[in-house]
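So you know, we letter chains A, B, ... as the sequences are listed, proteins then strands, and number each from 1.
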Number of protein chains: 2
Amino acid sequence: MKPTPVYQRIADDLRQAVADGTYPPGSKLPTENVLTERYETSRATVRQGLGVLVNEGLVEPRRPQGYFVIEHKRLVYRPQAEFRRRPPAVDIFTNLVAEYDGRAPSQDIEVSIVEPTQMVRDRLGLEAGELVAARRRVRKLDGTAYNLNDSHVRLSLVQGTDWMTPADVARGTNAVLAELGHEIVYALHEFYLRMPSPQEAQRLNLGAGVPIAEHYATGFDADETPIQVTVSIVPGDRHVIVFDSYRDRENSDQPRIPWGAP
Amino acid sequence: MKPTPVYQRIADDLRQAVADGTYPPGSKLPTENVLTERYETSRATVRQGLGVLVNEGLVEPRRPQGYFVIEHKRLVYRPQAEFRRRPPAVDIFTNLVAEYDGRAPSQDIEVSIVEPTQMVRDRLGLEAGELVAARRRVRKLDGTAYNLNDSHVRLSLVQGTDWMTPADVARGTNAVLAELGHEIVYALHEFYLRMPSPQEAQRLNLGAGVPIAEHYATGFDADETPIQVTVSIVPGDRHVIVFDSYRDRENSDQPRIPWGAP
DNA sequence: GCCAACGCATTGTCTAGTCAATCTAGATGA
DNA sequence: TCATCTAGATTGACTAGACAATGCGTTGGC
């Protein structure tokens, strides 16, 4: 039997203590120096142990106050919401339907013409070199970013239309697409889970150990032509991803994924 | 302007090199000693930098060979599949429909009677103390666990039925529930993203930096009574979560979430 | 009473090592 | 030839420090 490493024991002990309520959410853990004495080891080893918990997203260090147990509060992320007859209570977020705790939602919109990524190209069925219009939104709550949301459409489809207005479009951008003869009637959603890049972590103010979901929503019109691809970055600690399905409204076909999953 | 820490620079440089193809998936990074010399620093600092990339799930250490860039291959995780008329190609997995790359799927099933967690209790609308039947499945590909899948039903509903058979039920457990007068016609899916606990990481053989989704699928019968709650642990690096939605088949109501999100 | 300066506890970054554990590949021996 | 042993390279765990950066609370000046 191999003895478990000291740093592992420290992490395990503290994790257990957090789980059983010894350290409730928001409370302070013992300092590195205290743990160094308690476990009769060096500070580097204690830091290694605490690092495990930080990377699990369980605690966060606040310099120079100590380590604190993280408190979680999640919003509902509901990609199907835009297909609902009754719009959600707060319509500035098409995807977020939830208790905002009285925090003020807002969003920054930026429209540009870009070369699409391979993922977007595959989903829109574009030739290499073809350009797309990108509508980038940063959704905020009380001024801090809550998620990133980039919609892409063939440039030829929306050039000169309201879709490219870098501000709220009252009737919704989907209504604009419908007016252009491409109402979105079907959407395929894909979620890729991963850790954020440092840039993403910074933009979204993510603590260490917080995973994200990269959400690709591909919208098809009645002709089954892909019209719009929306790429969202959804921080895992701030959302629950929710959707539902009905048995009597099933679709008759095999899953159709025209592109290969990476 | 603050200078960026050395360990940060090491992580950034290597991340960039991985991104631009200098180190393609599967290839070997420079060793710690090489990096120590290259950056004229100490080995601990180099390790700190490499640790960043490991926690991002970008590289993995293989002792004593070095650090390697991780290769990703994902299966399609498709919770809606069980509502499809045509069963998926491989029916041993109700949720996984995908290219298995010739790997052999299998599952271990274990049935027991347990006290439900708070999450399950909330979703099934149980009183404190009420017991549930739990059907635990470990789904495997070529012998290694691919995801964990625990279904829960009121004990009084399924005691003595085929639902509690600790083996494959040919007609499916949902058919058993239907025979009992509780066909599941509606399902609500919730995904909570987080880092795995060490136990989960070990059971699923997860590398550092691999997030998971905790998937709660609550099945309702025609009376809108919650019948079954299935909790799945879905490793983020091995799956894409996929579902779709149709405009002309929308549901008429506001999102209904009878319990509070934690 | 109010505000600024300062002390100080705490985490962040880093050095320069030691010894252990593990797998590969080459050398050795039957 | 084939199996076995061994040496070496590499990461894992850890020690014992140093100095920097940060923000909170207290103290002192006005």
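- Between A:Asp108 and A:Glu110, every side-chain heavy-atom pair lies at or beyond the 4.5 Å cut-off.
- The phosphate of C:dA9 (OP1 or OP2) has no side-chain N or O of A:Gln65 nearer than 4.0 angstrom.
- Residue A:Gly66 is the one, among B:Thr41 and A:Gly66, whose nearest nucleotide of DNA chain C lies closer to the 5' end (criterion: closest heavy atom).
- Look at A:Thr31 and you won't find any side-chain N or O under 4.0 angstrom from OP1 or OP2 of C:dA9.
- Mapping B:Glu32 and A:Ala44 onto DNA chain D via the closest heavy atom, the residue that lands nearer the 5' end is B:Glu32.
- Rounded to an integer number of Å, the gap from CG of B:Leu35 to P of D:dA9 is 17 Å.
- For the pair A:Glu40 CD and D:dC14 C1', the computed distance is 15 Å after rounding to whole Å.
- Using a 4.0 Å heavy-atom criterion, one finds that A:Ser42 contacts the bases of the nucleic acid, with or without backbone contacts as well.
- Taking the six-membered ring for Trp and the full ring otherwise, B:His239 and A:Phe191 have centroids separated by 6.0 Å or more.
- At whole-Å resolution of the value, CG in B:Asn33 and P in C:dG17 are 13 Å apart.
- Rounded to whole Å, the distance from CZ on B:Arg62 to C1' on C:dC23 is 12 Å.
- D:dT10 atom C1' lies 14 Å from atom CD of B:Glu37, rounded to whole Å.
- With rounding to whole Å, A:Gln48 atom CD is found 16 Å from D:dA16 atom C1'.
- Not one N or O on the side chain of B:Arg135 forms a donor-acceptor pair closer than 3.5 Å with the backbone of B:Asn149.
- Residue A:Thr45 places at least one side-chain N or O closer than 4.0 Å to OP1 or OP2 of D:dT15.
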- Item | salt bridge (Lys or Arg N to Asp or Glu O under 4.0 Å) between A:Asp12 and A:Arg9, intermediate numbers included | CA-CA 5 Å; A:Asp12 290 347; A:Arg9 268 184 43 227; over 6 Å; no

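- Residue B:Pro61 has its side chain nearest to D:dT11 when only D:dT11, C:dC14, D:dT22 are considered.
- By the 6.0 Å and 45° rule, A:Arg123 stacks over the aromatic ring of A:Tyr216.
- Remark: A:Tyr39 is not in phosphate contact with D:dT15, judged by side-chain N or O atoms under 4.0 Å from OP1 or OP2.
- Rounded to an integer number of Å, the gap from CZ of A:Arg63 to P of C:dT11 is 11 Å.
- Atom NZ in A:Lys28 sits about 12 Å away from atom P in C:dA9, given to the nearest Å.
- Distances shown here put a side-chain N or O of B:Arg47 below 4.0 Å from the OP1 or OP2 atom of D:dG12.
- Here the nucleotide nearest the side chain of A:Arg43, chosen from C:dA21, C:dT11, D:dG23, is C:dT11.
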